[in-house]
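First the structure, in the form of structure tokens, and then the observations on it.
Values below: every heavy atom of this structure, side chains too, minus hydrogens, waters and symmetry copies.
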Amino acid sequence: MVSALLPFEGPADLSRIEAPVTLKAYLICAFAACGGLFFGYDTGWINGVLGMPYFITLYTGYSYDYDKKQPIGVDPTNFGLPSSTKSLMTSILSCGTFFGALIAGDIADFIGRRLTIIIGCLIFCVGCVLQIASTNQTVLFVFGRLIAGLGVGFISTVIILYMSEIAPRKVRGALVSAYQFCITVGILLANCVVYATQDRNDTGSYRIPIGVQFLWALILGTGLFILPESPRYHVMKGQLHSAAKSLAYVRGQPIESEYIKDELAEIVANHEYEMQVVPQTSYIGSWVACFHGSLRKGNSNIRRIILGCGLQMWQQLTGINFIFYFGTTFFQQLGTISNPFFISLITTLVNVLSTPISFVAIEYLGRRFLLIWGAIGMIIMQFIVAIIGTTAGRVEADDPAAVRAMIAFICLNIFFFATTWGPTGWVVIGECFPLPIRSRGVGISTACNWFWNCIIAVVAPYMVGNSKGSANLGPKVFFIWGSLCIFSMLFAYFLVPEMKGLTLEQIDKMMEEVSPRKSRKWMPKTTFVAELARRDAEKSRQQWRDVNAATNTAGLEGGMGGGYQEANELGDIDSYGTHTVVHGGGGGYGNQQSMGRDPYESPNTVRY
Ligand code: BGC
């Protein structure tokens, strides 16, 4: 048990469970958000590259006239990669990220969050090298994307974990939203780079967009060499001194500060509490434990997994990636638009510019509010797009004003996503798991995001395509996304608790005590340190009573003296409780009682 390694004091006072934070400490936490750049950029560049003349000629053997900007000897409608190749090259990334996200959690628990992210950066670079080296070899290109995906999976899971664990509670939502902001910036940058290189008549056309990614790996990888490991990881490993050092660094406080001691004590106490609740078993058993518990209990592991995976699934099913992945094709189909690429650029820009609103909204309005009202906003916007698209905006109606109106409502839909479901999905999965299953829970939820991401990437072209076997839904597809948003809204209403302003440890308690619908009003009443002290005191007292009973019996049998002696030693504690609880000045529980101070009645500080 970790507490036995380093006794320290812990707070019973709720206001002291988190140390005050300096500006430098905020910046340190915010830096990790750069991980979002990988995610956004890597999903953003592939579509543009797949449509580049040079890339197409490389893989199909067709010729292209760069001056006249048209293919030679082949109809422009047939000048492109086969659908199967496109689908494979696009979706293989999600396949890699899916597995990367699943294993990253385990690795992060084994070697630490920080090192796992650095390894993720290295794997990602290997994937990029393979893609750059792959000149017209589909297998190598696809393999490179799979490996790069693995790296992105590592990074996208562990960054959320790391940020949630080091961020101060009052701005945790805002800081994790910064990760989403970096995703949106990544998508925008990818669009810009691809736009700039698309007409090149050499390998630079696709190698430059791929090569730019080394920059993100360099920034994040080197930055993390300087950043500390998550203190919660150290606590998990029983390395309390390192935990104290990291915590002091990320809070910008001296290690000997009382605040640091108090916050650390609370993290340790929570971990111990969770370890008592979650049975410790084999490796397989620990995976099974993630799905353990009753569906009716808000804090059971299975409920938290449903919460994390459900959020990520419904985030994808809002249909946002339909716009980002297939926006260009969709706008082309609408007719009357001269530059579909430009419109795509505008939609990504709306995404970037709207996201910072969530930094403030997530802390003031809360996670639940954003998810419920964000979904309502998207339902309305998507139905409007679908209605216009099937009436005045029909291709046959040839009405540019109606098409412009559709684009405006699509942008408003992006606004609602970017300020609500985009960031909040990530914020909540970083917050909702208890420490013993946190890394796996975040990994499974992130894998779920990529799984649905992949499904949408594969299915969406068939929904709107007009080739044989496709549904040719056109703008009607927004009726489907709008209807799915109704489920997203219901999911948020019934299953997502409000976590704003609470520490990760308090969130545990809140999920145990109230249903999501009542969670907004929940207030912490005690700290884990006080709670564990209370439990230990109760246990010791029971043992004291048992011993007394036993010694009384023994006394009756063999005289009082021996029994008293034994009980007195036991009063000096420790060997009984799970925790080393040293109350009020080292006298032990027995001393406390004799001083008339019962630790579970009104403790200010509990030595733990
Ligand atoms: C989603 C991505 C999406 C992006 C758009 C993220 O939160 O998980 O799939 O492409 O937001 O900004």
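In terms of modelled atom types and a separation under 3.5 Å, the side chain of Asn413 and the main chain of Gln382 share no donor-acceptor contact. Here the side chain of Thr355 pairs no donor or acceptor atom with the backbone of Phe181 at under 3.5 angstrom. Between the side chain of Gln316 and the backbone N or O of Ile456 there is no donor-acceptor pair closer than 3.5 Å. Checked by atom type and distance alone, the side chain of Arg368 never pairs as donor or acceptor with a backbone atom of Arg520 at under 3.5 Å. A side-chain donor-acceptor contact under 3.5 Å links Arg232 to the backbone of Glu165. Checking side-chain atoms of Gln131 against main-chain N and O of Gly127 turns up a donor-acceptor pair under 3.5 Å. For the pair Arg251 (side chain) and Ile166 (backbone), a donor-acceptor distance under 3.5 Å is present. Judged purely by atom type and a 3.5 angstrom limit, Arg145 uses its side chain to pair as donor or acceptor with the backbone of Met89. No donor-acceptor pair closer than 3.5 Å links the side chain of Ser358 to the backbone N or O of Ala361. Side chain of Ser519 to backbone of Glu498: a donor-acceptor contact under 3.5 angstrom is found.
We find the CD1-CG distance between Ile123 and Leu150 to be 5.5 Å, quoted to the nearest 0.5 Å. Separating the NZ atom in Lys237 from the OG atom in Ser242 is a distance of 12.5 Å, to the nearest 0.5 Å. Between atom SG of residue Cys448 and atom CG of residue Leu102 there is a gap of 9.5 Å, rounded to the nearest 0.5 Å. For the atom pair CG (Asn299) and NZ (Lys509), the distance works out to 8.5 Å, reported to the nearest 0.5 Å. Between the CD1 atom of Ile118 and the CG atom of Leu224 there is a distance of 5.5 Å, given to the nearest 0.5 Å. Once rounded to the nearest 0.5 Å, the distance linking CD of Gln315 with OG1 of Thr318 reads 6.5 Å.
Put simply, the side chain of Arg172 reaches to within 4.5 Å of the side chain of Leu504, judged on heavy atoms. At a threshold of 4.5 Å between non-hydrogen side-chain atoms, the residues Val176 and Gln180 do not count as touching. Contact check for Leu58 versus Tyr206: side-chain heavy atoms found under the 4.5 Å cut-off. Here the side chains of Phe416 and Trp421 are not in contact, with every heavy-atom distance at 4.5 Å or above. Within the 4.5 Å cutoff, the side chain of Gln213 has no heavy atoms near those of the Leu37 side chain. Considering only heavy atoms from C-beta on, Tyr59 comes within 4.5 Å of Phe141 through its side chain. Between Ile372 and Val496 the shortest side-chain heavy-atom distance does not fall below 4.5 Å. Under the 4.5 Å side-chain criterion, counting only non-hydrogen atoms from C-beta, Ile46 is not in contact with Leu93.
Looking at Phe154, Phe39, Phe214, Phe38 one by one, the single match for ring pair (Phe, Tyr, Trp, His ring centres under 6.0 Å) with Phe124 turns out to be Phe38.
When every heavy atom of Cys121 is checked against every heavy atom of Ile155, the shortest pair comes out as N-CD1, 3.9 Å. Closest of all the heavy-atom pairs between Gly173 and Val427 is O-CG2, 3.5 Å. Pairing each heavy atom of Asp42 with each of Ala148, the nearest pair is OD2-CB, 4.5 Å. Residues Pro168 and Leu175 approach most closely at CD-CD1, 4.0 Å, considering heavy atoms. Considering all non-hydrogen atoms of both residues, Leu240 and Leu264 come closest at O-CD2, 3.8 Å. Minimum interatomic distance between Ile159 and Ala32 (heavy atoms only, all atoms of both residues): CD1-O, 3.2 Å.
Side-chain N/O atoms of Arg207 and Ser134 include no donor and acceptor closer than 3.5 Å. Between the side chains of Thr184 and Asn351, not a single donor N or O lies within less than 3.5 Å of an accepting N or O. In summary, the side chains of Trp452 and Asn449 do not present any donor paired with an acceptor at a separation below 3.5 Å, with no hydrogens or angles considered.
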Intermediate values then yes/no, salt bridge (charged side-chain N to carboxylate O under 4.0 Å, His left out), Arg304 and Asp508: CA-CA 10 Å; Arg304 299 185 203 230; Asp508 260 10; 2.9 Å; yes
Yes or no on salt bridge (charged side-chain N to carboxylate O under 4.0 Å, His left out) for Glu512 and Lys297, after CA distance, side-chain angles and deciding distance? CA-CA 7 Å; Glu512 185 181 326; Lys297 273 184 80 186; over 6 Å; no
Steps toward side chain to side chain contact (heavy atoms under 4.5 Å, CB included) verdict (Ile362, Lys500): CA-CA 8 Å; Ile362 204 156; Lys500 82 167 171 158; over 6 Å; no
Does Leu307 form a side chain to side chain contact (heavy atoms under 4.5 Å, CB included) with Arg303? I'd like the steps, not just the answer. CA-CA 6 Å; Leu307 173 59; Arg303 272 287 291 274; over 6 Å; no
Take Val193 and Tyr41 through the side chain to side chain contact (heavy atoms under 4.5 Å, CB included) test and state the conclusion after the steps. CA-CA 10 Å; Val193 175; Tyr41 190 92; 3.7 Å; yes
Evaluation steps, side chain to side chain contact (heavy atoms under 4.5 Å, CB included), between Ile267 and His271: CA-CA 6 Å; Ile267 298 172; His271 183 53; 5.6 Å; no
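Around the CZ atom of Phe110, the shell of radius 6.0 Å holds no more than 12 heavy atoms that belong to other residues, nucleotides or ligands. Counting heavy-atom neighbours within 6.0 Å of Trp287 CH2, excluding the residue itself, gives a total above 12. The 12-atom threshold is exceeded at CZ of Phe31, counting heavy atoms of other residues, nucleotides or ligands nearer than 6.0 Å.
Taking the centre of each ring, Phe487 and Phe491 stay at or above the 6.0 Å mark.
Arg440 forms no cation-pi arrangement with Phe433, by the criterion of a distance under 6.0 Å to the ring centre and an angle within 45° of the ring axis.
Look at Glu431 and Arg367 and you find a salt bridge, because one of the NZ, NE, NH1 or NH2 atoms lies within 4.0 Å of a carboxylate O, short of that distance.
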